[in-house]
Structure formats: C-alpha cells, structure tokens
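Worth knowing before you read on, the calculation uses all heavy atoms, side chains too, and leaves out hydrogens, waters and symmetry mates. Each chain gets a letter, A, B and so on, in the order its sequence line appears, and its residues count up from 1. Fair warning: this is a prediction, and the values are worked out from it, not measured in the lab.
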Protein chains: 2
Amino acid sequence: MTSKRMSLKKLAAHLSLSEGTVSRALNDYPDISQATRQRVQIAARELGYRPNPLARRLATGIAEAVAYIMPQSHSSISEPFVAQLLTGLGDALSKRGWDLLVTQSVPAEEEPDMIRKLVTSGRVSGVVLSRPHKNDARIKLLQEARFPFIVHGRSLNSDSYAWFDVDSKQAFVDAVDHLVSLGHRRIGFVGAPTYYNFAQSRLDGYRQALRMNGLPADEGLVRITELSDDGGERAAGDLLDQENAPTALLCVTDTQALGALAAVRSRGMQPGKHVSVIGYDGLRLGRHTNPPLTTMAQPQSHSGRELGDMLLAIIDGGDPRNFQQLRMAELLRRKSDGPVWTDGATQNNPTNFESVEELT
Amino acid sequence: MTSKRMSLKKLAAHLSLSEGTVSRALNDYPDISQATRQRVQIAARELGYRPNPLARRLATGIAEAVAYIMPQSHSSISEPFVAQLLTGLGDALSKRGWDLLVTQSVPAEEEPDMIRKLVTSGRVSGVVLSRPHKNDARIKLLQEARFPFIVHGRSLNSDSYAWFDVDSKQAFVDAVDHLVSLGHRRIGFVGAPTYYNFAQSRLDGYRQALRMNGLPADEGLVRITELSDDGGERAAGDLLDQENAPTALLCVTDTQALGALAAVRSRGMQPGKHVSVIGYDGLRLGRHTNPPLTTMAQPQSHSGRELGDMLLAIIDGGDPRNFQQLRMAELLRRKSDGPVWTDGATQNNPTNFESVEELT
DNA sequence: GCCTATTTCGAAAGCGCTTTCGGAATCAAG
DNA sequence: CTTGATTCCGAAAGCGCTTTCGAAATAGGC
C-alpha cells in the first residue's frame with residue numbers, strides 16, 4: 001500500500017488528523033473524543049502501525065529497557081542460573097514491551113565508569129545486579145545516582161535497597177545441624193572468597209551453628225578457594241589430608257561440592273559413607289554425580305520473574321525498601337551424606353573398609 | 001559545573017561552535033580542521049561528554065544493538081551454553097559500544113509476528129538465532145526481510161545464510177566408529193525430536209556410520225525423546241529392556257547421557273563396563289558423573305565471540321555466505337565407554353579385564 | 001439567544017543527535 | 001590583483017515520536 005514502514009505521519013495523513021491527535025488517541029489521552037479515538041485505534045491496527053520505540057524513548061525520556069549485569073562465570077558448571085534468570089526477567093519485562101539487555105561484570109576498577117555509563121546513557125531505566133560483594137561499589141553508585149535497581153543477593157548493608165535473596169546463612173546453620181545430628185563433630189568448610197557476601201554469610205552460618213552445637217571453632221577446618229570444581233577439589237583434598245581430618249565437608253556451592261566428591265573418592269573413600277559432603281544450590285545435575293549430591297536446595301520459584309516485577313515497581317516510583325524478599329533453602333538429601341563413619345578398630349579414623357561399590 | 005548531563009548543545013556553546021560542527025568533529029568528518037577537531041575532542045573528554053545513544057540511533061537509523069533469541073531451556077542442566085554465548089557476544093559487541101538484548105523463543109505460531117516485530121521495530125541491527133529447526137520459519141522470514149542475522153547451528157538449507165556450527169554428524173560417525181572399534185555391534189541411539197536440525201544430523205551420522213561399518217540399520221535401536229536427563233533415562237531404559245539390548249548407547253546430548261547412565265546403573269549394570277554410554281557436548285560436569293562421561297566434545301573456542309564478529313561483518317554489508325564456520329568435535333574419553341562386555345562364555349570378544357577402579 | 005465552561009483538536013516546540021547544503025574564508029594559480 | 005578551487009564551518013532540516021498550549025467548536029445555563 002504505502003511505502004515501507006508505517007509511521008505516525010502517514011497514519012495521521014490517512015486519517016486526516018494531526019500527528020499529535022493520533023498520538024494522543026493511541027496513548028489514551030483524555031482530551032480525545034471517544035469517536036476519533038476508536039477510529040484511530042482501528043486504523044492503526046489495520047494498517048499495522050507500531051510506534052518506533054527509539055523515537056518514543058527519545059521523546060519521553062523513558063528507556064523502556066532494563067540491564068542485567070551478568071556475573072562472569074568462573075565455573076561454567078553452575079550457570080543454569082543465568083539462563084533461568086534471563087527467562088524470568090524477560091517474562092516480566094515483556095508484559096510492558098520493554099527490552100532486556102545484558103552486560104557483563106567488569107573488573108572492580110572499571111565499575112564506577114561502567115555504572116556511570118549505564119545510568120547516564122539513558123539506555124536503560126533500571127538495573128539488575130547479581131552476586132554482590134559485601135561492600136559492592138556498584139550498589140553505592142546506583143544509590144547515589146538514585147537510579148532504580150535491584151540486587152539478586154544482598155550486600156552487608158541491605159536495608160535501603162531492593163533485593164531478592166535466599167537465606168543461605170540459615171541454610172548453613174541447618175546443614176551443620178543436620179550433620180551434627182548424624183554424629184559429625186569435625187565439619188570442614190569449603191568456602192569462597194569472602195568479598196562475596198554470600199560466601200561470608202554462609203561462613204557465618206557455619207560458625208554460628210558450630211557454636212550453637214557446642215563445637216569448637218577450629219579455623220583449620222575452613223578453606224577458602226575459588227568458585228569452581230577444581231577449587232573445591234583442592235580445598236577438600238587439603239582438608240582431608242590433614243592430621244585430624246573432618247568427617248564431613250560443607251561446600252559453599254554445588255560446583256565446589258563436585259570437586260569435593262572427587263577429592264574424597266580419589267583418596268579411596270566413599271562420599272556419604274566415609275565422609276559426608278553437602279553442597280549448596282540444589283542443582284539438578286547433583287542427581288547424577290557419584291554419589292548423588294546432598295545439597296541445600298534453593299527454592300524453585302522463578303526468581304527472575306520476581307526480580308523483574310519488583311524492579312518495574314521501583315521504576316514506577318515504589319520505595320525500594322518495600323521490595324525485599326528472603327527465601328529459604330531446604331535440605332535435599334541425596335546420597336552424599338550419612339552418619340559419621342567408624343569401623344570396629346579405631347575410633348576416629350577409618351582403617352579398612354570395602355572398596356567402593358556401585359552406586360545407583 | 002553546568003547542570004545535569006552534558007549535551008551536544010552545551011558542549012557547542014562552551015566551544016562557541018555550532019552543534020553540527022562539534023558533531024562532525026567528534027565523528028571524524030574530513031571537513032573539520034585538524035585544530036578544531038582536537039579542540040573539540042579534548043573538550044569533550046574533559047567535560048565528560050557522551051552522546052546520547054537513543055538520539056544518535058534515531059538520527060542515524062542504526063540501532064547499535066543486536067538481539068539474541070534464547071532457546072527455551074528444557075533441561076536446566078546444559079544451559080552453560082547460554083551464559084558463555086552471551087559473554088562472547090557481549091565481548092564482540094562491546095568493541096563497538098553496541099548493546100546486546102535478549103529475547104526468548106516463542107511458540108511456532110507466534111514466530112512470524114515476533115520476527116516482524118524485531119526487524120521493523122528498529123531496536124536491533126541484527127539477530128542471533130540458536131538451535132534452529134530443520135525448516136526454521138524464523139530463518140526464512142529474516143531472509144525475506146533481508147535482515148542481518150546469523151545462526152548458531154544450521155537448518156536444512158544453509159547455503160545462503162551465515163552460521164556457526166559444529167559438525168555433529170561427523171561427530172556421530174566418529175562416535176560409532178569408536179564404539180565399533182571397541183567391538184560393539186548393537187549400538188543404541190538416544191535422540192531428540194528431529195525437527196531440530198542438530199538432532200536429525202546426529203541421527204544421520206549414526207546411520208551412515210552403521211552402514212559404513214556394515215552394520216544393520218535396526219530401527220528398534222533408535223529412540224527419540226525429549227531433551228532432558230529424564231528423557232534420556234526413559235529412552236535408554238527402554239532400549240536396555242528390550243529383547244536383544246544394545247551394548248552401547250549414543251546420546252544426542254550430554255544431558256540425555258546423564259539419564260542414560262542412570263538407566264544403566266539402575267539395572268544393576270555398570271556404564272563403561274557392561275554397557276558403553278557416549279554423550280555429546282563435552283560439558284565439564286561430565287567429569288563428575290558416575291562414571292565420568294565419555295563424550296564428543298565441542299571445541300572450546302568462544303563461539304559467542306565468533307558469532308558476534310561475523311554478525312557485525314554482515315551488518316557492515318558482508319555477504320552472509322562468506323560467514324559460515326564449521327568446527328569439529330572430538331572424542332573425549334572419560335570412563336563411560338569400553339570394550340563390549342562378555343563373560344567367559346563367548347569367544348570373539350575380549351573376555352576379562354579389570355573392573356573399573358576408582359576414577360580421579 | 002448570549003455568555004461562560006467544556007470538550008476536542010491542530011500547531012508547534014521539543015527530545016539530542018546527524019547530515020546535507022551552501023556560504024565565507026583561505027589558498028594557489030594565472 | 002582576479003579567478004577558480006579548496007578548506008572549514010554554520011544553518012537548518014530531519015529522525016519519529018510526545019506533550020504543552022491555545023484556539024475552535026460545542027455544550028450547558030440563564
């Protein structure tokens with residue numbers, strides 16, 4: 001019919017109306033008569049008119065888009081999160097026809113610049129942050145700029161901004177309690193760098209639970225390592241090789257727990273029997289490890305969707321402090337935990353045990 | 001100093017130049033003297049001027065953004081791909097300061113609308129597609145619209161567009177050859193719906209290799225199932241339970257292979273000993289399964305980066321047919337494959353070998 | 001039927017940039 | 001000292017929409 005793409009101008013001409021009137025009719029302004037409003041909207045639909053988002057965004061000053069700052073992947077194993085989160089975010093945003101754009105975490109020294117670029121560029125109306133540090137510079141910058149954002153996780157001072165998190169401190173308390181109830185009294189901790197807030201709070205949970213169970217806080221039982229299976233394997237191996245080795249290993253992450261399982265096996269022991277291993281995340285792949293991994297499972301709720309909805313509410317002017325959600329994790333028992341091991345002879349250290357048999 | 005955000009207008013005023021001149025100076029137009037160009041660029045840097053992307057995009061008609069159409073996740077296990085791909089794409093795009101936006105796959109009937117929306121909205125300059133079907137409607141639509149795009153994977157007719165793929169047909173030929181060399185003659189195939197092109201071509205490779213090895217094409221040995229561990233478990237179980245069960249299982253995906261391992265174990269057999277299982281993908285988590293999964297590993301090259309670079313080249317006017325890259329997969333032997341199992345009775349095959357010992 | 005209050009719309013000014021076009025100034029050449 | 005070619009910059013239109021403002025038309029009230 002007409003050439004190329006439909007535009008407001010052409011639509012207006014077609015209707016013998018001014019562009020402004022057509023625009024207001026489409027946007028449901030009250031100063032347009034019911035009659036012409038209908039006429040305009042019908043014509044728009046028939047002619048397949050879709051306002052150019054770029055033009056609208058420029059004119060309104062609303063970016064109609066949100067950025068997700070993707071944490072860089074250390075492990076390449078536990079990344080299902082990203083895809084799921086993006087799916088949920090996309091769902092939430094698509095209801096308004098907003099865009100989801102993805103950027104990457106940058107080295108700490110570039111963070112100020114990257115945040116500034118994000119807030120001043122006008123490309124996005126809000127930001128989703130993942131895996132914050134205890135004192136996350138990005139959070140501070142966003143707050144100072146009074147820019148809408150929400151955090152997946154928390155930092156040390158989380159009172160004044162919006163977040164969605166799982167109470168992993170409590171999860172680690174629960175995990176320790178469980179292990180203690182199985183008779184374990186020397187529980188090793190395979191942790192991650194404590195500039196990550198989640199790493200710190202899981203460590204806190206571990207320590208608190210030890211205390212509450214009347215167990216000594218043996219710092220020789222905690223190892224900090226990188227967020228990968230290899231890291232977990234090294235740290236666990238380290239723990240197992242020492243004098244008075246722990247009978248159970250608590251890992252800050254399922255990915256690390258995979259490494260811990262490997263470390264146990266490679267020392268001729270069987271996870272879940274000679275030494276218990278518990279992870280955190282509830283990754284489905286834990287069903288397929290050797291043996292299947294017991295883990296503190298995060299709730300399956302689609303966090304991306306929730307994050308998206310909350311962020312939109314904040315962009316709409318909501319008070320960030322009203323958008324803070326804490327979920328609970330649950331112990332998911334598979335096969336890598338069990339009662340503390342003892343054979344007849346010695347008390348504390350296994351001397352002989354049958355070889356590892358097939359595990360289903 | 002001045003209020004709010006720096007704008008072209010303010011910068012021009014500051015320099016006593018016209019906006020047009022400043023703009024051209026910043027964009028290295030040839031009709032600006034060296035002197036003022038320098039002056040402008042220095043002032044811009046000092047005053048922290050950054051052109052408003054939305055305005056520029058509207059004025060130039062260039063979206064400076066690319067969309068990645070994320071396949072919906074079936075498994076939640078094999079999704080590391082997404083994060084890695086996005087990282088690579090982001091790298092490629094960030095060199096130009098372009099944005100990466102993520103949208104989701106939609107049901108087939110909505111595809112025309114979603115593609116049309118994408119190409120006519122002006123929000124993006126190009127599209128990245130993943131996991132195409134054999135006859136992918138989106139590809140056809142994008143071609144008809146003469147819109148720049150690139151496919152991660154291929155469809156049936158892949159001559160006329162750009163793609164990046166792994167030769168998974170060849171990979172399955174190799175896998176079968178390997179299994180045959182281990183003495184297997186009844187090889188089961190755990191496949192995915194063949195509207196996925198990759199599923200079809202892997203099946204083709206499997207069949208071709210059977211033929212080339214003089215093995216019968218027993219259709220009772222192939223199962224098509226969904227792209228998940230559960231699917232793999234069901235299909236593999238099915239195969240194993242039948243009369244003349246296969247001695248080896250080839251799975252179209254590592255995720256399915258996880259299920260296959262489970263099926264084997266749950267029948268009291270040991271994968272890699274009594275029945276061989278081979279997956280495809282080379283997922284790192286395969287190191288941690290029981291036993292570690294032998295798989296056809298995709299090359300580690302950062303495909304996202306390559307896809308991004310190629311797409312940019314096409315947007316710049318390159319001929320899509322010049323951007324087609326085929327990578328090879330390699331057999332990554334871990335512990336789930338082995339010689340065909342026989343007990344003492346039979347003649348032709350290796351009779352005894354040590355049991356699977358502890359795997360590191 | 002006159003006056004004021006309401007609806008309903010058009011005109012126009014942006015949003016912040018790019019890009020074409022032409023004019024003034026500068027240069028080299030005759 | 002002209003003239004034509006260059007170099008360099010300003011003016012202005014435009015990208016496609018939104019939104020304010022005020023004018024015209026209509027309605028309501030006496």
Item checked: Duplex segments of DNA chain D, taken as runs of at least three Watson-Crick or G-U pairs that stay under 3.5 Å -> C:2-26 with D:5-29, C:28-30 with D:1-3
Next item on the list: Tell whether Arg24(A) reaches the base of dG10(C) with its side chain through a donor-acceptor pair below 3.5 angstrom.
Entry: yes
Checklist line | Partners meeting salt bridge (charged side-chain N to carboxylate O under 4.0 Å, His left out) with Glu64(A) (sequence neighbours left out) | finding: Arg56(A), Arg57(A)
Margin query: Quick check: on DNA chain D, is the nucleotide nearest Leu58(B) upstream (toward 5') of the one nearest Gly20(B), or the reverse? Name the residue that is more 5'.
Written below: Gly20(B)
Next item on the list: Would you indicate what Thr60(B) reaches in the nucleic acid, counting non-hydrogen atoms under 4.0 angstrom: base, sugar-phosphate, or nothing?
Entry: sugar-phosphate
Next item on the list: Let me know the distance between CG of Leu11(B) and P of dT18(C), rounded to the nearest Å.
Entry: 11 Å
Notebook entry, point to check: From the list dT18(D), dC17(D), dG10(C), which nucleotide is the closest neighbour of the side chain of Tyr49(A)?
Noted result: dC17(D)
Item checked: Nucleic acid contacts - residues 26-46 of chain B versus DNA chain D, non-hydrogen atoms under 4.0 Å -> Asp31(B), Ile32(B), Ser33(B), Thr36(B)
Notebook entry, point to check: Without hydrogens or angle criteria, can the side chains of Ser23(B) and Tyr29(B) be said to hold a donor-acceptor pair below 3.5 Å?
Noted result: no
Item checked: N/O (side chain, Thr21(B)) to phosphate O (OP1/OP2, dC9(D)) under 4.0 Å -> no
Note to self: So Tyr49(B) and Leu26(B), do their side chains get closer than 4.5 Å, heavy atoms only?
What the structure shows: yes
Check: Less than 3.5 Å between a donor and an acceptor, one on the side chain of Arg57(A) and one on the base of dG16(D), is that the case here?
Finding: no
Check: Where the side chain of Ser7(B) is defined as all heavy atoms beyond and including C-beta, which of dC17(C), dT18(D), dG10(D) is the nearest nucleotide?
Finding: dC17(C)
Note to self: Does this structure show an ion pair linking Asp91(A) with Lys95(A), if we count only N-O contacts that are shorter than 4.0 Å?
What the structure shows: no
Notebook entry, point to check: Quick one: Glu19(A) CD to dT8(C) C1', roughly how many Å, whole number?
Noted result: 18 Å
Notebook entry, point to check: Taking the side chain of Leu17(A) as its heavy atoms from C-beta onward, which of dC17(C), dC9(C), dC17(D) lies nearest to it?
Noted result: dC9(C)
